[in-house]
Amino acid sequence: MLKDRLFRRLDHVAAALETQDYLLGGRFSVADAYLFTVLRWARFFAIDLQRWPAVAAFMARIGDRASVRAALDIETATVAA
């Protein structure tokens, strides 16, 4: 099943994020920005990222970045217009 394959991949992502703050190590990169974007879609498919605490912590950490908050605010304003 597709969700099983996705969950196995999220297991790998979670394993990486259990030992480092960002996907590729100690610094934020475009990979983190893209992962954050894609993982935000999980809610549309009833996938609870809390199943992977390291992934949930990653989402909170990236979501707390000022630049990300600003981009999300712009996105929200654009959708509302």
Side-chain angles (χ1 to χ4, degrees):
M1 177 178 192
L2 185 60
K3 268 192 177 179
D4 293 331
R5 289 178 62 194
L6 174 62
F7 286 5
R8 283 194 304 272
R9 284 168 175 75
L10 285 170
D11 290 341
H12 288 289
V13 169
L17 293 172
E18 287 170 359
T19 61
Q20 55 199 32
D21 285 342
Y22 301 104
L23 193 57
L24 300 177
R27 297 178 66 190
F28 180 81
S29 73
V30 68
D32 299 297
Y34 189 70
L35 180 62
F36 178 81
T37 300
V38 171
L39 289 177
R40 288 192 70 223
W41 301 339
R43 63 183 178 211
F44 298 116
F45 300 97
I47 298 170
D48 184 6
L49 296 178
Q50 296 300 319
R51 175 177 174 166
W52 301 273
V55 172
F58 168 85
M59 292 299 287
R61 186 168 45 257
I62 301 302
D64 284 343
R65 295 175 65 91
S67 58
V68 172
R69 285 194 314 270
L72 293 175
D73 288 346
I74 291 168
E75 179 181 292
T76 300
T78 302
V79 170

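- Residue-environment remark: CZ (F7) exceeds the threshold of 12 foreign heavy atoms within 6.0 Å.
- Counting all heavy atoms, side chain and backbone alike, A14 lies closest to A54 at O-CB, 3.6 Å.
- No option in V30, D32, I62 other than D32 meets the side-chain contact (heavy atoms from CB on, under 4.5 Å) test with L23.
- In this structure, the separation between OG1 on T37 and CD on E75 is 8.5 Å, given to the nearest 0.5 Å.
- Rounded to the nearest 0.5 angstrom, F36 CZ and M59 CE are separated by 4.5 Å.
- Contact check for L35 versus V55: no side-chain heavy atoms found under the 4.5 Å cut-off.
- Stacking of R65 on the aromatic ring of F28 is recorded, both the 6.0 Å distance cut-off and the 45° axial limit being met.
- One distance of note links CG of L39 with CD1 of I47; it measures 9.0 Å at 0.5 Å rounding.
- Without hydrogens or angle criteria, R5 side chain to M1 main chain gives no donor-acceptor distance under 3.5 Å.
- In this structure a side-chain-to-backbone donor-acceptor pair under 3.5 Å is present from K3 to F45.
- In terms of heavy atoms, R69 sits closest to G63 at CG-O, 3.2 Å.
- Closest of all the heavy-atom pairs between L49 and A56 is O-CB, 3.9 Å.
- A heavy-atom distance below 4.5 Å is not found between the side chains of L6 and L2.
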(message) Evaluate D48 against R43 for side-chain contact (heavy atoms from CB on, under 4.5 Å), listing each step before the verdict.
(response) CA-CA 7 Å; D48 184 6; R43 63 183 178 211; over 6 Å; no
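- In this structure a side-chain-to-backbone donor-acceptor pair under 3.5 Å is present from R61 to D21.
- For W52 and F58, the ring centers sit 6.0 Å or farther from each other.
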